[in-house]
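In what follows, residues are counted from 1 in the order of the sequence shown.
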Amino acid sequence: MDKIDICKKIKQSTRKIILLDKEQVICGGTGTVVSNRGTMLTANHVVNCYSKLSHPKIIAYGMGNIPIVEYKPKLLNVSFDIGMPEFVKPLIIDLAILEPIKTLNGISYIELGNEIVPEGTDVIMAGFPDEILPPLNFDRILNFDNPELNKNRFKIEEFFKVHMCLIMIKSGMIGGTQKINISGRCEVPGLAKSVKVKGATYWIDNASNNGASGGPVVDFSGKLIGIICEKGLTDQEQEVPGLNFKVPSGATMALSHNLITWGLK
């Protein structure tokens with residue numbers, strides 16, 4: 001597949017995810033459709049507080065005429081007890097599986113790749129990051145000098161931020177592959193089983209931003225190799241000794257879908 005065809009497939013198969021509680025927006029991110037029934041993968045931290053909310057609701061929608069669909073978690077907050085005394089806590093996997101509340105059929109999706117890819121693999125990744133702003137300048141379009149309008153300014157801007165579905169697709173290269181082999185007991189409420197998984201952490205030489213978490217990382221055959229989980233950070237030292245803080249490094253970390261897609265079976 002060429003880049004244009006891959007980007008078309010990504011746009012058809014990537015969703016903006018919103019987690020609500022009593023219709024109030026809690027957080028958002030991206031989801032990747034991986035079956036024609038609408039099953040999605042996302043980063044676990046996008047929806048990990050679902051079970052703690054009083055009236056949780058996950059909605060997903062996409063570009064163009066893709067309708068809004070309500071989802072529920074199928075596999076969430078996955079952790080493994082790998083039976084090693086050196087690990088004082090279970091190993092948490094930042095991936096989750098979501099299923100549509102109502103049955104869907106014939107949905108466009110990204111096919112799963114089977115191989116762990118090496119450094120040097122060219123990839124395309126996508127998401128709905130906050131770096132892409134609505135094509136509107138609120139200060140010019142709306143008169144916020146009006147006290148009543150200004151009082152609701154935050155709500156108005158949040159409405160456009162949430163409901164404007166603006167995807168960013170980027171190209172990159174796998175600059176680092178760290179293989180992860182897990183053989184342990186999965187510790188999830190309602191599901192306890194022994195699992196053997198071969199996966200990887202991928203570092204991509206292009207940056208992602210908040211909102212892109214859960215988005216797809218696709219190779220040039222058009223197959224999904226991973227899910228965006230976090231942007232790379234690095235220490236930035238200051239002139240004051242001992243004072244430093246984290247700044248974006250220009251890289252993205254993704255986890256191979258293998259670490260969660262055993263739960264699709």
Side-chain angles (χ1 to χ4, degrees), residues 7-78 93-113 125-129 161-167 169 186 188-191 193 211-218 222-229 254-265:
C7 289
K8 286 180 180 178
K9 174 64 72 172
I10 286 174
K11 288 178 70 173
Q12 294 167 351
S13 307
T14 307
R15 301 288 188 270
K16 187 178 181 76
I17 292 177
I18 303 295
L19 175 61
L20 305 135
D21 187 25
K22 294 182 179 179
E23 303 305 319
Q24 178 181 354
V25 175
I26 303 301
C27 61
T30 302
T32 302
V33 180
V34 295
S35 82
N36 63 0
R37 302 184 307 278
T39 303
M40 285 199 304
L41 303 183
T42 189
N44 187 73
H45 69 264
V46 173
V47 291
N48 65 346
C49 63
Y50 180 91
S51 59
K52 298 178 181 179
L53 303 177
S54 59
H55 296 83
K57 184 178 181 180
I58 298 171
I59 61 171
Y61 50 99
M63 303 284 291
N65 296 322
I66 296 174
I68 296 175
V69 176
E70 184 176 352
Y71 275 77
K72 61 182 178 181
K74 178 179 180 180
L75 207 51
L76 183 68
N77 297 328
V78 174
I93 306 298
D94 190 18
L95 294 170
I97 300 176
L98 306 178
E99 292 281 6
I101 296 289
K102 295 182 180 179
T103 302
L104 302 175
N105 291 294
I107 304 300
S108 180
Y109 67 97
I110 300 176
E111 185 179 349
L112 301 178
M125 60 183 186
F128 296 95
K161 182 178 178 181
V162 168
H163 293 284
M164 289 295 290
C165 198
L166 302 171
I167 196 169
I169 303 175
C186 174
V188 179
L191 174 65
K193 60 184 292 187
S213 293
V217 178
V218 178
K223 293 185 178 180
L224 184 76
I225 65 167
I227 295 295
I228 296 172
C229 287
L255 292 175
S256 58
H257 65 79
N258 314 64
L259 297 171
I260 194 75
T261 45
W262 53 266
L264 294 174
K265 300 176 182 177

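- Note that NE2 of His257 and NZ of Lys223 are 9.5 Å apart. Values are rounded to the nearest 0.5 Å.
- Applying the salt bridge (Lys or Arg N to Asp or Glu O under 4.0 Å) test to pairs two or more places apart or on separate chains, none has a residue in residues 39-56.
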Listing, residues 102-112 side-chain donor-acceptor contacts under 3.5 Å, not counting sequence neighbours, or none:
from	atom 1	to	atom 2	distance (Å)
Ser108	OG	Gln12	OE1	3.4
Ser108	OG	Ser13	OG	3.3

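- In this structure, the side chains of Tyr71 and Thr42 stay at 4.5 Å or more apart for every pair of heavy atoms.
- Counting heavy atoms from C-beta on, the side chains of Ile227 and Leu255 never come closer than 4.5 Å.
- Atom CE of Met63 and atom CG of Leu166 lie 6.5 Å apart (nearest 0.5 Å).
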Throw together a table of side-chain donor-acceptor distances under 3.5 angstrom for residues 24-41, partners on residues two or more places apart or in other chains.
from	atom 1	to	atom 2	distance (Å)
Thr30	OG1	Phe128	N	3.1
Thr30	OG1	Gly211	O	2.6
Thr32	OG1	Gly214	O	3.0
Ser35	OG	Arg37	N	3.2
Ser35	OG	Thr39	N	3.3
Ser35	OG	Thr39	OG1	3.1
Thr39	OG1	Glu99	OE1	2.9
Thr39	OG1	Glu99	OE2	3.2

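- Nearest approach of Arg15 to Ala60, heavy atoms of both residues: CB-CB, 4.0 Å.
- Of all the heavy atoms in Ile10 and Pro216, the pair that sits closest is CG2-CG, 4.3 Å.
- Residues Glu70 and Pro100 are not in side-chain contact: their nearest non-hydrogen atoms beyond the backbone lie 4.5 Å or more apart.
- Among pairs with a residue in residues 17-27, those fulfilling salt bridge (Lys or Arg N to Asp or Glu O under 4.0 Å) read Glu23-Lys57, at least two apart in sequence or across chains.
- In this structure, CD1 in Ile58 is found 8.5 Å from CD1 in Ile101, a value given to the nearest 0.5 Å.
- Taking Asn258 as the reference, nothing meets the side chain to side chain donor-acceptor pair (under 3.5 Å) condition, with sequence neighbours excluded.
- When all heavy atoms of Ile17 and Leu98 are compared, the closest pair comes out as CD1-CD1, 3.8 Å.
- Summarising the geometry, atom CG belonging to Leu76 is positioned 13.0 Å from atom CD1 belonging to Ile93; distances are rounded to the nearest 0.5 Å.
- For Lys74, the NZ atom is densely surrounded, since the number of other residues' heavy atoms within 6.0 Å is greater than 12.
- Annotation: salt bridge (Lys or Arg N to Asp or Glu O under 4.0 Å) contacts involving residues 58-68, sequence neighbours excluded, are absent.
- Of all heavy-atom pairs between Cys229 and Asp94, the closest is SG-O, 3.3 Å.
- The SG atom of Cys7 sits 4.0 Å away from atom CD1 of Ile169, with the distance rounded to the nearest 0.5 Å.
- Leu19 contributes atom CG, which lies 5.5 Å from atom CG of Leu53 (distance to the nearest 0.5 angstrom).
- Using a 4.5 Å heavy-atom cutoff, the side chains of Leu95 and Val78 are not in contact.
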